Number of protein chains: 2
Amino acid sequence: MDYNSKQIEILNVSLKLFAEKGFDGTSIRDIAKAADINVAMVSYYFGSKEKLLEAIVLYRVSGFRMILENLQFEEITPIEKIKKFVALYVTKLFQNKDFYQIIHFEIVNQKRACDFSAFSEIKKKNLLLLENIIAEGQKAGVFKANCNSLLIPALVIGTFSQIHNNKKFYIEMMNLKDEVEFEKYMLNDFKEEITNVVLGMLIK
Amino acid sequence: MDYNSKQIEILNVSLKLFAEKGFDGTSIRDIAKAADINVAMVSYYFGSKEKLLEAIVLYRVSGFRMILENLQFEEITPIEKIKKFVALYVTKLFQNKDFYQIIHFEIVNQKRACDFSAFSEIKKKNLLLLENIIAEGQKAGVFKANCNSLLIPALVIGTFSQIHNNKKFYIEMMNLKDEVEFEKYMLNDFKEEITNVVLGMLIK
DNA sequence: GACAAAATTAAACAATCGTTTAATTTAAAC
DNA sequence: GTTTAAATTAAACGATTGTTTAATTTTGTC
């Protein structure tokens with residue numbers, strides 16, 4: 001799939017709108033207005049609104065080229081690898097939060113006949129990588145024998161989403177002055193805190 | 001607010017449908033069909049579709065009578081209190097997962113002019129209770145001095161939601177045989193695992 | 001500059017949306 | 001049994017939905 005600049009504009013605009021207002025809450029006319037195009041262009045380029053959603057998913061997933069994969073071959077301790085793993089994960093969540101917002105709603109909301117297997121495959125690969133790091137740490141005698149690796153990505157993604165979705169609540173509770181400070185918190189303090197939680201689950 | 005049995009039926013049916021297909025993805029005719037009523041009855045009883053959503057929120061929140069509050073006065077150690085706190089939290093999440101599904105989407109999706117302050121107030125009260133337990137544990141010398149109490153409910157709710165929203169993925173990854181086994185996992189093993197994570201964050 | 005393909009447009013399409021109407025049935029009160 | 005209010009209904013309302021049409025403009029090619 002190679003899209004021209006106008007198609008990419010449509011993909012980005014509708015990604016943002018779908019994340020903000022939901023797929024059903026966003027009309028093609030909303031998209032057309034925001035992307036400054038005619039209503040017919042979505043059907044013309046993508047076939048239908050639902051196919052546009054599929055195009056968004058494929059477009060973003062294909063951009064998910066595993067930054068994580070290189071971790072395997074770095075010559076650092078398992079603990080350092082876990083730190084990097086979580087840090088990269090949080091950064092990626094932050095950069096793609098709109099995408100995650102959409103996809104997680106659409107996965108629950110099984111209404112759409114949308115294929116998310118490409119997304120599942122990436123999750124499986126990430127999980128396998130994590131298991132390898134943990135096994136490495138167990139072999140080295142620094143990690144506990146019994147730890148549920150499946151819980152870790154769920155914990156990182158879930159906690160991140162939970163806080164980000166309730167942004168206003170947490171800005172108030174943490175006495176932050178604006179959204180900029182909140183985003184700084186997520187990329188710095190939160191990243192560190194959640195890393196420590198994960199390390200606490202693993203280290204003996 | 002006291003609703004008759006027919007109104008409660010509408011509230012329950014639309015709660016389920018909104019959780020499954022989203023607010024915008026559910027039509028009043030869908031609700032009417034599922035609740036076996038005429039389409040006009042929703043407007044007749046609740047005024048509008050949006051007011052029905054508000055009624056659902058108020059109806060469920062009012063039922064959220066703090067089981068947690070009694071924890072304060074129990075004569076058990078802070079560690080036991082945290083264990084009970086998390087266990088009650090997970091149970092409540094499980095029982096109200098449809099409601100959480102709706103409210104979390106609607107909080108992000110600021111489209112609706114819906115008042116969720118009643119929900120925020122409950123969250124604040126729960127947070128205060130948790131802070132008291134933690135302070136108690138710190139005074140007793142069993143909990144760390146620096147721990148972000150705000151992170152704990154986010155972690156419990158977030159991880160729970162993340163796993164529950166990706167039910168199919170986790171059933172496959174955990175080699176569970178059906179949804180019944182999955183629900184058992186959530187109420188037993190998961191509850192224990194997430195409790196240990198929280199305790200790991202707190203205990204010295 | 002003529003031609004063909006692609007891009008873009010405004011208009012119309014039928015379907016569905018939430019809501020209202022006005023008529024009818026049911027229930028309760030006396 | 002009559003009266004009155006509440007509950008329920010089918011039908012219609014105008015607005016909006018996703019999509020298609022057919023006409024027009026733009027673009028690229030020779």
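The structure presented is a predicted model; accordingly, all values stated were derived computationally and were not measured. Letters A, B, ... are given to chains in the order of the sequence lines, protein chains preceding strands, and every chain is numbered from 1.
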*Show your working on salt bridge (Lys or Arg N to Asp or Glu O under 4.0 Å) between A:K124 and A:E121 and close with a plain yes or no.*
CA-CA 5 Å; A:K124 281 184 195 168; A:E121 285 312 309; 3.8 Å; yes
_Basic-acidic side-chain contact under 4.0 Å: A:E80, A:K83_ = yes
*Rounding to a whole Å, what distance do you find between A:M41:CE and C:dT9:P?*
7 Å
*What is the distance from CG of A:D30 to C1' of D:dT19, rounded to the nearest Å?*
16 Å
*Answer yes or no on whether B:K6 is positioned over the face of B:Y45, meaning its NZ or CZ is under 6.0 Å from the six-membered ring centre and within 45° of the axis.*
no
Contact list (N/O, under 3.5 angstrom) for nucleotides 19-21 of chain C vs protein:
residue : atom : partner : partner atom : Å
C:dT19  : OP2  : B:K49   : N            : 2.8

_Between the side chains of A:R112 and A:E50, is the shortest nitrogen-to-carboxylate-oxygen separation below 4.0 Å, so that they form an ion pair?_
no
*Do the charged groups of B:K81 and B:E74 touch, with an N to O distance under 4.0 Å?*
no
*asked:* Expressed as a whole number of angstroms, how long is the span from A:K33:NZ to D:dG18:P?
replied: 13 Å
*asked:* Taking any heavy-atom pair under 4.0 Å as a contact, classify B:F46: base, sugar-phosphate, or nothing.
replied: nothing
*Is the phosphate of C:dA6, meaning OP1 or OP2, less than 4.0 Å from a side-chain N or O of A:Y45?*
no
*For the atom pair CD (A:Q101) and NZ (A:K97), what is the distance rounded to the nearest 0.5 Å?*
11.0 Å
*asked:* Heavy atoms within less than 4.0 Å of DNA chain D: which residues of residues 4-27 of chain A have one? Give them sorted by number.
replied: A:T26, A:S27
_Test of understanding: with side-chain contact (heavy atoms from CB on, under 4.5 Å), list the residues that count as partners of A:E20, not counting sequence neighbours._
A:K16, A:L17
*asked:* Can you confirm whether the side chains of B:T26 and B:K49 place a donor and an acceptor under 3.5 Å from each other?
replied: no
*Would you mind reading off the distance between A:I37 atom CD1 and D:dT19 atom P, rounded to a whole angstrom?*
13 Å
